Each structure stands twice: as structure tokens, then as C-alpha cells.
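Report on the following structure.
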Amino acid sequence: MKKNFLIRLQLVAVCLLFSLLLLNYSRATAQLNANDTRMDWWRNAKFGMFIHWGLYAVPAGEYKGSTNFGEWIMQEAQIPKGEYEKFASQFNPRKFNADEWVQMAKNAGMKYIVITSKHHDGFCLWDSKVSDYDVMDRTPFKRDIMKELSDACKKHGVVFCMYHSIMDWHHPDENKTNIAKYREEYLKPQLKELVTKYDPGVLWFDGEWVEEWTEEQGQALYDWLRKLKPGLIINNRIGKGRNGMQGMSKGKAAGDFGTPEQEILDTKSELDWESCMTMNDHWGYNKNDHNWKTANQLIWNLVDVVAKGGNYLLNVGPTGEGLFPDVSMHRLREIGDWMKVNKEAIYSMKTWDYFQEGDNIRYARNTKGEVFVYCNGWPGNELMIKKIKPVAGSAVQLLGSKEKLSWKETAEGIIISFPTSLQNETNRPAKYVYVFKVNGTAQTLAAMPQVGTDEEAATKTKVIAGNGSAVAISAPAKNAMIRYTTDGSTPNLQSALYNNPIVVTESGVIKAIVYVPGKMPSDVNELKVVKGKYVISLNSSYASQYAAMGPVSLVDGWSGDLKDFHKGWLGFEGKSMEAILDLGIEKKFSKVSGSFLRNHGSWIFLPVKLTVFTSNDGKEYQLLGEVAEAIPQQQEENERKVIVLAKESTARYVKVIAETMGQCPAWHSGNGGKAWLFADELSVE
Ligand code: H79
């Protein structure tokens, strides 16, 4: 009885809910559609141009003999406001031609441009009514750059968008005490000018990390802007949701899309995201920076981003004369050549079941369901892929070529063969990245093997020291056949058959693949084996996004990269580092050292103190000595610094503590924010 009644009640509730849903249906879908329509052009665009231009183009990256600056020059070279303002009188880019800029973006296949209306330095590139710190009032140029570009964009069918910095080094009220005044009397009036006068498709915020800016302010500003222009698209740096340089929002946060900076997501995502990236190592023009990415790299980045469901925003830093750097123009032309042939595999693309196969294959699909296979570099006489099966009787097409490509199925995958004419590079329709259109379905693959223990597999790294140890490979399927290599090559049916754990004594890599009857071979999994100079244990936790290979990074003999702190370094956020080295036996040594990164622009500071203890039993430690580092009083050059304690001792265990600054100092833009400590090699000699 009771049960029946409950069921009936449930039924009534379900009916009620259903009718409520029906009632709401039109409204709900309207909202959903409204949202979709709003994001539509952006989602389909895939490729845009970032432009960093402002007073910093005048010094062109150089100040008092130092040459590594960009748009942060005011802060990094500690140029006083009054001094920096003088660049305005030298800002006279006579060769600026908005039509030419927009045309160059368009020819490269870019659908939108995002230009700095105001960067962190506070200087405005439009005729602002609430500031005289702008191009009209302070420069001999006296032309409204935003107006000219916005008009040119309209003319050429490119969407005009603007970057705007919340952090402002010039405005007297952009600080903890007066942030409300800054927001209401300056930031918002300026944004209103930008939205109403120049009709941007996207507002791209930045500099949101300053302490005085909060998620609540970001959310309120977002709502206010959407009221001003309902169709506006706004990035996630309007609030505080951004998860470091990786850029995606942590949880629910204001903003329409994630903003990875100088990096690309590791996997595909159904969330909206856009990866912004420089062509060399600076955003603003730097005349000494010649470290340009190749056209191949840039095109592959675009493809990688598209396969993972994102947009690519590629930067140009124009000169003080108003020109794009020659190399930038050249790269844009090469990308344009590629896009002419392959654009149907970029615009409006969606993620497919699989997004990658190894390092050099990517997958995506168009709205008709056709799948595109992108290959980085010419594959040779044939291309083998295992994640898609063409429909029987269908031909594979190389974009830009009329040849019908035949294929056959093998145990290792589908083999697509090429006519001899295509073996000659000059006969191919494009360079660098080749796109194949396949009418087919996703294949089922055997499950990937696990190489090493759970812990080793999680970091894809195994640390060995001394005599080495064994690595086990396992596969979930009962009838799995595992094959592997240890020479770095991709394993296949000819590779060694796995029976017993593999003994490793040196650094190297183990790659394994699984074969299961009736399925395509698995993805290849690998385990990097690293022989450390010592056994190391770490008593402090590092940040997952700056994890390098884990603790072994500190003793692997590899130095972290000065330019790219994602490589090799362990990052500690507002924390000190405590590591213990086990030398195996009691040893005599005269020097203990550690190397650390200084990159003030990214809030990375040297430790204030390096303290070393020794022990023979690993329990009781005695102080060996310490080295203090001066606390910086101003921005200093990026450096990889080796801090050395020269003192003789004999011990088995050496404990090293690197003490963090804790917080960014008062003179720094991150004042009060958590200071980062980046550590790499520790050494006992
Ligand atoms: O405009 C370009 C750069 O000038 C600007 N963003 C690009 C688009 C930029 N500003 N700072 N940085 C890049 C690097 C600094 C990053 C950090 Fe942070 C700010 C490190 C700590 C605070 C990112 C945000 C990681 C944590 C919070």
C-alpha cells in the first residue's frame, strides 16, 4: 500500500516536473540558443591575431643597456612614471596603416584581431574622454588607433576585439585603497567608451591578479558589460577564476572562455578556450629578440589547438614606426599559404572521438561529420593510422590534391598509400602539415598498458639510483599481448614480447603497446627512466603545474631552462623547499649547491636563505652552514642562480632547505601575493 502510494506520488511529481519543463522549454532553449549564437562566430573562427602595441614599442625592449624587455619594460626596468611618460612624445608611428594590418591578418586566415587598448602601463590607444594619458592628448601622432582599426576590420570582415588591463601602473587609484574609485570613475567609463564607440566582439581582460581585484568585482563587471552589449564575449581574466598560466577556470567563475598563455592544453576540452602565444619570446616589440618559431611550429600549434577544441590567438608586436616585424609578416604569409589549401580543416571544426595519435597525428571533425587527419611532416611512402576506419569503398583525400588515395587494413592499422608524384615535395599542395579527409568511423583500440608502478605511471617517470631495478608492464585485458622497446622507437608487432619485468640500470625510456584480438593496437604508453645522482626525498609539496619530473628533477643532471620555467623546474608557491639527499654511503664532500630561478615578471624569486644539514643515520641532523641571499629591492634580470655552500664535511645524508620570500615585496606588482620559488639541480661535490 504504502509503496504503491509513494510510486503514485512520484509519478505525479514527474508529471508536474515534466509540464513545468515543457512550460519552460521555449525559454530555456531560447537562452541556450542565445548563448550559442553569441559564441558561434568565435567558436567557428578558430584563429585570431593578438596585437601588443603601445608606448613600449618606442624603447623596443631596450633600456640602459639591458635588452630583454617587452611590454613590461616600465615595471621591469623600474622606469619612473614621469620618465616612462616621455615615450609618448616619441610615439609617432607614421607608417601605421590599419587597412594593411587587417589585410595581413585576413590573408593569414585570421578571423579576428585583439589589440591592446590599454596594457599594464596604463597608456590608452584611443581618444579617451576620462584620461589624457592617451594617443590623442600625449603623442605627436594624434590618431585614434582603435577607431582606424575598428573601421578597417568592419571593411574587411574581420572581427575587431580589444585587450584591456585591469592592473594599471599609471593611474593613481589603481590600488587597494582606491580600487572602487578606480573601477567606477575610470575603468568602467573607459570600457563604456570602448564598447559603444568601437563595437568589439571580444573584451580580453588581463592583469586581474592584483590583490585589490576580486571575483565579485569581476562578476559584476561581466554582468554590467553584457547589459551594455548582450552579444559581447569576455575572457575569464575578468575575474579571479584563472588557474595560473594553464588558464582554464577553477570551478565556476566569471568569463566565457579559458585563456592558456604560451601553452596549449594537454587534452581536448569541451569548454571554450583560447591559447594565446607569441611568435618569438616577447609580446611587445623587442628589436633584439630573434627567437622566432618556425612556420611549421605555428601551423602545428594551430592544428593542435583545433584538435583539442580551442582557438589560437597568435601575437604580433608592431614597431614604433607602425610596422609588423619582417619575420612576423613572413610567418603570416606562410600560414596564409597553408590556410588557402587547408582552411576547411580549421574553421568550425569540432573535436572528434580521438584528438591525437602519437606526437604527429591529430584528429578533428567538421559539422558534417567528416574526419580530418592532420599529419605533422610528410609521412613517407605511406601513412599508417589506427584510430579511424574509412567506410568501405571510400577514398581518402589529401586536401588540395585531386588524387584519390587508396588504403588497406592491417593488424597494425590502416595504411594509406601515396602515388609517387606526391613523394616529390614540389608536387604537394602545401608544406609542413598535411591534412587528409576521411569518411570513416572511430576504431576500438585495446586498452593502454601500464608501465611501472601506479606511482611511476602517474608521473610517467621512474627514478633509479645505484644498481637499477625492474619495471613491470601490465595490461587490463586477459588475452593481451604486450610488446615493448627500450631504444626510443615506437613498438610494433616486431618488437620484443613482454614476459618478465625489465631490468633497467641506466636512464632511458620504455615504450609499450598492447595487442588484443579483434581490436586495433592500443595507444603507446611510456615510462621515462631517470638515473639520479642521488636518492632524493622531498618534504615540501610542489605545484602540480610546475612539477617537471617530480623530485628527481633536482638530481637528474639536467638544468632548468632560463626561458621556459615549465621545463625542468619544480615550482613552490609561497613555500620553502626541503629536500634530503641520500648519498648511499658516508662520503666526503666540500661543496653543497642548489640552483634557483629568478623571474620577477612571473613572481618567481630566489630563496632568501639556503641552509644545509648533515646526518649519518638520517634521523639526527647537524647544521652544516647557511648562505643568505640579499632580498631584492627592485626588479632584477631573469637568472638561473647557483647558490653554493662551500664547506667540508663527511656524511651520508644531506638536507637542503631553501627558504622562500613568502610574499612578493612591496615594490613589486604582486605586492603581498604569494612569491614562487623555482628550484632545480641540487649537488654535493
Ligand atoms: O599581455 C601579455 C603579457 O604582458 C601578460 N599577459 C600576456 C597576454 C602577462 N602578464 N604577466 N605575465 C604575462 C606573466 C605573469 C604571470 C603571473 Fe600569475 C602573474 C604569475 C603570477 C602572477 C598567472 C597569474 C600565474 C599566476 C597568476
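As the structure is a computational prediction, the values presented were derived from the model and not from experiment. Atoms within each ligand, like the ligands themselves, are counted from 1 in listed order. All residue numbers refer to positions in the sequence shown, counting from 1. For the numbers below, each heavy atom of this structure counts, side chains included, while hydrogens, waters and symmetry mates do not.
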Which parts of the protein, at residue level, reach under 4.0 Å of ligand 1 through a heavy atom?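 Residues Phe50, His52, Glu71, Trp72, His119, His120, Tyr163, Asp206, Trp209, Arg237, Arg242, Gly244, Met245, Glu261, Trp283, Gly601, Ser602, Trp603 each place a heavy atom under 4.0 Å from ligand 1, listed by chain and number.
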Taking atom types as modelled, find out whether [X] and [Y] have a side-chain donor-acceptor pair closer than 3.5 angstrom.
X      : Y      : value
His120 : Ser165 : yes
Ser249 : Asn236 : yes
His164 : Ser117 : yes

Whether His668 and His600 hold their rings parallel, tilted or perpendicular, with breakpoints at 30° and 60°: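 His668 and His600: perpendicular rings.
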Strictly below 4.0 Å, N to O, side chains only: are Asp199 and Lys154 in salt-bridge contact?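 Judged by the 4.0 Å cut-off on N to carboxylate O distance, Asp199 and Lys154 do form a salt bridge.
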Please say whether the positively charged group of Lys188, taken as NZ for Lys or CZ for Arg, lies over the ring of Trp224, i.e. under 6.0 angstrom from the six-membered ring centre and within 45 degrees of the axis.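 Ring-cation test returns yes.
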